[in-house]
Every structure is written in structure tokens, then in C-alpha cells.
Peer 1: 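Have a look at this one.
Position 1 is the first residue of the sequence; numbering continues from there.
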Amino acid sequence: MDWNKLLTNKRLGQEYRHSERHDDRTEFKRDYDRLIFSAPFRRLQNKTQVFPLPGSIFVHNRLTHSLEVASVGMSLGNDVARRIIAKNPHFIDTNLSEIGTIVSAACLAHDMGNPPFGHSGEKAIQTFFTEGKGTYLQDMVSPEFWSDITHFEGNANAFRLLAHRFKGRREGGFVMTYTTLASIVKYPVSSTLAGKKGKFGFFQEEMPTYIKIAKEMGIPQIPAPVIEGNTENNVKGVAYARHPLVYLVEAADDICYEIMDIEDAHKLKILSFNETSELLLGFFEEEDQAKIRQRIVDEGITDDNEKVIYMRACAIGKLENCCVDTFMTHEEEIMNGTFKGSLIDGIDEKQHSAYKKCTKTSLAKIYNSKPVLDVELSGFKIMATLMETFIEAAVHPDRFYSQQLIQRVSSQYDIYSSDLETRIMAIIDYISGMTDVYALEIYQKINGISLPIV
């Protein structure tokens with residue numbers, strides 16, 4: 001792959017026309033601004049990250065998480081750009097200097113396709129079709145569409161949200177640059193090739209759009225992965241190498257969710273101060289640990305939460321530097337589309353061991369803690385009920401109750417289409433775009449638990 005082709009100003013939906021400019025922002029800064037002022041981005045403030053939405057103690061939601069990921073992504077992108085330009089001075093007057101802005105914009109968008117209640121919401125959508133009352137629909141839709149909805153994925157939904165032309169929206173969706181769009185596609189394969197992990201990058205409807213973007217930027221198509229259990233290997237689909245900047249977006253996300261979850265767990269007293277400090281200082285050699293502790297003393301920091309904040313900042317800085325080193329070490333493989341795994345997987349053994357210890361602790365004490373499980377159980381029930389009720393209305397739109405429900409669906413979704421697949425996808429778009437609070441409100445209303453008060 002060639003950086004000059006990978007970093008293009010071309011916009012989806014504006015390929016053959018130029019819009020008038022009134023300021024000196026770069027095209028990639030326009031992407032960033034367009035995202036941060038958008039309604040789907042604002043709605044992230046009412047979507048769960050891990051812990052329940054805050055009461056007296058403020059923990060991260062999808063919005064604060066995305067802003068932090070964007071900040072780390074900016075640092076990763078700027079540092080990588082600086083080191084590439086140092087090796088290749090001819091890149092100094094090219095779009096390579098914009099990598100930080102591009103990665104930061106992609107980080108803002110990376111969670112915009114996530115449904116309410118996080119992974120529990122994803123599973124509720126998937127299992128409605130595979131285990132719930134929606135199983136009968138398999139014979140009524142195409143195999144490709146069935147693969148999309150039974151593997152429903154927040155990453156693919158983010159690409160759809162940005163690239164799809166919903167009713168009342170311009171051609172090209174958000175009209176983003178090709179580069180920013182490609183940088184959010186973490187799994188550039190179709191759902192038919194998702195395998196057991198169920199990870200894919202674009203729905204069938206948006207697949208031609210991704211193929212067009214990939215061809216324009218010279219992202220190579222790769223051999224389709226062998227799907228376990230498919231002895232004839234005759235599953236149809238496409239697979240591409242990742243855009244190199246995907247690795248930086250992924251690294252920013254990996255760093256933030258792991259380290260910030262540790263901080264939140266300390267605030268909620270799930271982890272003790274000693275447990276938390278041991279995890280965060282574990283990324284450093286003993287000499288550097290001592291320097292960090294001494295700096296905390298010198299700064300007069302006495303509050304345990306403030307101490308954790310300082311140690312967390314040090315840990316994020318260390319991991320950011322390590323991921324930049326990994327990217328530069330494996331730049332040739334990344335540019336050839338042959339690099340395997342993530343940047344976190346390739347960091348030095350000391351830091352990787354510390355990261356794995358954080359992951360192990362998170363699984364044992366955070367993700368299986370009572371507050372988190374309560375949100376997942378409640379969220380799954382709410383989402384499953386919404387799916388059952390609204391999909392039934394989409395399948396039988398002539399029924400009286402169906403018509404009442406359909407009127408609740410936003411006009412931007414093509415719920416009145418004569419095509420069943422389009423109507424089903426309209427419901428998935430509608431439900432996946434809800435906030436946690438709104439999903440709960442609709443759940444209560446359609447179940448007669450609450451009534452509007454005038």
C-alpha cells in the first residue's frame with residue numbers, strides 16, 4: 001500500500017463535485033468537526049460503556065470513552081507521522097502530517113454504531129434471530145441478509161451509519177473522506193466470512209461502498225478466510241487487508257478501555273487502592289515505579305483517587321509509546337497487509353504482561369461484578385422485547401397494533417418499504433440508534449409499565 005493513495009481527500013458522495021470552502025480547515029479536520037457536532041455522537045452520552053450510567057459517582061459512558069480514545073489516537077497518529085517523515089523527508093508536504101487528525105476523527109466514530117447496553121445489546125439483536133422468536137425469518141430473507149443480522153456488529157453498524165444514505169440525508173451519508181471511513185473498519189470482511197467470532201466490517205448493502213473506497217486507496221483484497229465447519233469452503237464474501245490507520249484506532253481503544261475501566265473500578269470500590277496501583281505501575285520497571293511514587297509525594301497528592309489518576313496517565317503514556325514503537329517496527333508488514341494481531345499484541349514483554357494482568361483482573365472482578373451483570377441482564381431483556389415487538393410489526397405491517405408501533409419509528413428509516421429486508425433493517429437501525437434511557441422508556445411504554453403524563 002502507498003501512503004499517498006491511502007491518505008486521500010476524496011469524499012464519499014462528492015467524488016465529482018467540489019463544495020465551496022469558507023475557512024482553512026483541512027478535509028480531515030472537517031471530518032472531525034462533522035462527527036463531534038452530530039446527533040449520533042451526542043447520543044453516546046446516554047449509552048453504557050461498562051458500568052451503569054452514573055449516579056453519585058461519575059464513570060465512563062460511550063461519549064467520554066470516545067473522547068478519550070480520540071485524544072490518545074491523536075497522540076499515536078502524530079507520533080507515527082513524525083517518525084515516518086523523519087525516515088522519509090519527501091512526505092513532509094503531504095497528507096501524512098494529518099495522520100493524527102484522521103485517527104482522532106476515526107476514534108470519535110468507532111463506537112457510534114453500538115446499540116444500547118453495549119455488547120449485551122449486540123447479543124440481544126443477534127440472538128433474537130438465532131435463538132429467539134425471529135428464527136422463522138430465515139426462510140423469508142436472503143442468506144447474505146440473514147448472515148448480516150445474525151452476526152449484527154457495532155463496527156459494521158458504524159460504517160453503515162456514516163456511509164448509508166438514509167431518507168433525508170445526502171448521498172454518501174455523512175459525506176466523510178474515504179480515509180476516515182476506511183480507518184474505522186476494524187474487520188474488513190463481509191458477514192458471511194465472519195466465522196465463530198462474528199466480527200465483520202460492513203453489511204451487504206454497504207459492501208459495494210467499501211469495495212469502491214478500498215479500490216480507490218489501493219487496499220488489497222486478501223484470500224477469504226477458511227470458515228470452520230465449512231468443509232467445501234464455498235462461502236461467498238469479500239475480505240480486505242486493513243487500512244494501516246486502523247491499527248492506531250484499535251490501539252487507542254485498547255489502551256483506553258482497559259486502563260480507564262481499572263480507574264472506574266477503583267472509584268466504585270470494586271478494586272482497592274493497592275490492587276489498582278499495582279496494576280497501573282506494573283507497566284514500569286522498579287526504578288520508574290519509584291520515580292512515579294516520589295513524584296506523587298513531591299506534588300503533594302494525598303487523595304487516593306488523584307493518585308490513581310496520575311498513575312493512570314503514566315500508564316497510558318507508556319502504552320502509547322510502546323504502540324508507536326510496534327507500528328514502526330512492523331511498518332513494512334502493515335503496509336503489505338500481512339501484519340497479524342494488534343499493536344498491543346506486539347509490545348515489549350514487560351508491558352504486554354502488565355496489560356494481560358489488567359485484562360485478567362477486569363474479567364474476574366469488573367466485567368462479572370454485580371453492577372455490570374445487572375445492566376447486561378436488564379439491557380438484554382429490554383432489547384429482546386423491543387426486537388420482538390417491532391420486528392413483528394415490520395413483518396405484519398397491516399395489523400392495527402403494527403401500524404401504531406410503526407408510527408414511532410423515525411421517518412429517516414424506510415419502514416414503509418414494500419421489501420421485507422428493508423423493513424427489518426429499518427427496525428434494527430431504529431433500535432440500535434437508541435440511547436439506553438430511550439430504550440428503557442420505549443420498553444416501559446409498550447409494556448404498559450408507564451404512561452405519558454400530560
Side-chain angles (χ1 to χ4, degrees), residues 40 43-44 46-53 61-62 65 110-138 140-141 145-161 187 191 194-200 203 257 367-395 402 405-406 408-410 413 415 420-421 423-450:
R43 286 198 291 269
L44 293 176
N46 264 334
K47 288 194 175 186
T48 306
Q49 174 64 14
V50 173
F51 297 104
L53 292 175
N61 55 40
R62 289 283 175 183
H65 167 71
H110 85 283
D111 270 353
M112 282 173 59
N114 282 30
F117 309 107
H119 296 301
S120 184
E122 276 184 334
K123 293 303 294 183
I125 293 173
Q126 295 167 8
T127 56
F128 170 75
F129 298 107
T130 60
E131 301 174 9
K133 293 187 177 180
T135 54
Y136 75 96
L137 291 168
Q138 182 172 6
M140 301 171 65
V141 299
F145 183 78
W146 184 252
S147 180
D148 279 354
I149 59 178
T150 55
H151 291 94
F152 177 87
E153 230 280 329
N155 291 278
N157 203 41
F159 186 77
R160 175 177 172 83
L161 183 66
Y187 311 103
S191 65
K196 283 191 172 182
K197 290 186 177 180
K199 300 295 187 181
F200 68 105
F203 295 107
Y257 81 71
Y367 304 140
N368 289 319
S369 65
K370 188 176 183 296
V372 174
L373 290 175
D374 285 347
V375 168
E376 290 186 348
L377 289 168
S378 299
F380 189 93
K381 177 64 175 177
I382 291 167
M383 291 291 288
T385 302
L386 293 180
M387 286 293 294
E388 179 181 338
T389 304
F390 280 96
I391 292 293
E392 184 72 7
V395 176
S402 297
L405 286 166
I406 285 171
R408 288 212 60 100
V409 179
S410 173
Y413 306 123
I415 189 60
L420 175 61
E421 291 185 2
R423 296 198 303 273
I424 291 174
M425 203 64 211
I427 295 299
I428 294 175
D429 289 332
Y430 171 58
I431 293 176
S432 66
M434 293 179 177
T435 64
D436 295 15
V437 174
Y438 185 66
L440 173 59
E441 178 186 333
I442 298 300
Y443 169 82
Q444 290 174 330
K445 287 178 178 177
I446 65 177
N447 281 284
I449 298 172
S450 68

Peer 1: Taking Ser432 for the side chain and Asp429 for the main chain, is one N or O donor matched with an acceptor at less than 3.5 Å?
Peer 2: yes

Peer 1: Roughly how far, to the nearest 0.5 Å, is CG of Leu137 from CD of Glu392?
Peer 2: 8.5 Å

Peer 1: Please round to the nearest 0.5 Å and tell me the distance separating atom NZ of Lys47 and atom CZ of Phe117.
Peer 2: 10.5 Å

Peer 1: Can you name the side-chain contact (heavy atoms from CB on, under 4.5 Å) partners of Thr130, sequence neighbours left out?
Peer 2: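 Listed in chain order: Thr127, Thr150.
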
Peer 1: At what distance, to the nearest 0.5 angstrom, does CE of Met383 lie from CD of Glu122?
Peer 2: 9.5 Å

Peer 1: Testing the basics here: between Ala393 and Leu405, what is the closest heavy-atom pair and its distance to 0.1 Å?
Peer 2: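 Nearest pair, atom of Ala393 first, then Leu405: CB-CD1, 4.0 Å.
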
Peer 1: Could you check whether any side-chain heavy atom of Met425 comes within less than 4.5 Å of a side-chain heavy atom of Asp148, counting everything from C-beta outward?
Peer 2: no

Peer 1: Quick check: closest heavy atoms across Gly134 and Trp146, and the distance to 0.1 Å?
Peer 2: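 So the two residues come closest at O-CH2, 3.6 Å.
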
Peer 1: So which heavy atom on Glu388 is nearest to which on Lys133, and how close?
Peer 2: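 Scanning both residues completely, I find the closest heavy atoms to be OE2-NZ, 3.0 Å.
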
Peer 1: Spell out, as yes or no, whether a donor-acceptor pair under 3.5 Å connects the side chain of Thr385 to the backbone of Lys381.
Peer 2: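 Yes.
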
Peer 1: Could you work out, with side-chain hydrogen bond (donor to acceptor under 3.5 Å, both in side chains) as the rule, every residue matching Tyr430, not counting sequence neighbours?
Peer 2: Tyr438

Peer 1: Indicate yes or no for a side-chain donor-acceptor contact from Asp436 to the backbone of Pro116 under 3.5 Å, with no hydrogens or angles considered.
Peer 2: no

Peer 1: Compare all side-chain heavy atoms of Ile391 with those of Ile424 and state whether any distance is below 4.5 angstrom.
Peer 2: yes

Peer 1: Quick check for you: to the nearest 0.5 Å, what is the distance between Ile382 atom CD1 and Ile442 atom CD1?
Peer 2: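 One gets 11.5 Å once the value is rounded to the nearest 0.5 Å.
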
Peer 1: Determine, stepwise, if the pair Phe145 / Leu420 fulfils side-chain contact (heavy atoms from CB on, under 4.5 Å).
Peer 2: CA-CA 11 Å; Phe145 183 78; Leu420 175 61; over 6 Å; no

Peer 1: By side-chain hydrogen bond (donor to acceptor under 3.5 Å, both in side chains), which residues pair with Glu153, not counting sequence neighbours?
Peer 2: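 Per chain and number, Glu153 pairs via side-chain hydrogen bond (donor to acceptor under 3.5 Å, both in side chains) with Asn155, Lys199.
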
Peer 1: Go through the steps to decide whether Asn114 and Asn157 satisfy the test side-chain contact (heavy atoms from CB on, under 4.5 Å), and finish with yes or no.
Peer 2: CA-CA 7 Å; Asn114 282 30; Asn157 203 41; over 6 Å; no

Peer 1: Rounded at 0.5 Å granularity, tell me how far CD1 in Ile149 sits from CD1 in Ile427.
Peer 2: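 Nearest 0.5 Å value for the CD1-CD1 distance: 12.5 Å.
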
Peer 1: Roughly how far, to the nearest 0.5 Å, is CG of Leu386 from CZ of Phe128?
Peer 2: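 Reported to 0.5 Å precision, the distance equals 11.0 Å.
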
Peer 1: How close do Met112 and Pro40 get, counting heavy atoms only, and between which atoms?
Peer 2: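 Result for this residue pair: CE-CB, 3.7 Å.
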
Peer 1: Are the side chains of Pro115 and Met434 in contact, using a 4.5 Å heavy-atom criterion?
Peer 2: no

Peer 1: Could you go through the side-chain contact (heavy atoms from CB on, under 4.5 Å) check for Phe129 and Val141 one step at a time?
Peer 2: CA-CA 12 Å; Phe129 298 107; Val141 299; over 6 Å; no

Peer 1: Give the minimum heavy-atom separation between Ile415 and Arg423, together with the two atoms involved.
Peer 2: O-CD, 3.3 Å

Peer 1: Restricting to non-hydrogen atoms, name the atom on Ala156 and the atom on Phe200 that form the minimum distance, rounded to 0.1 Å.
Peer 2: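 Result for this residue pair: CB-CE1, 3.5 Å.
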
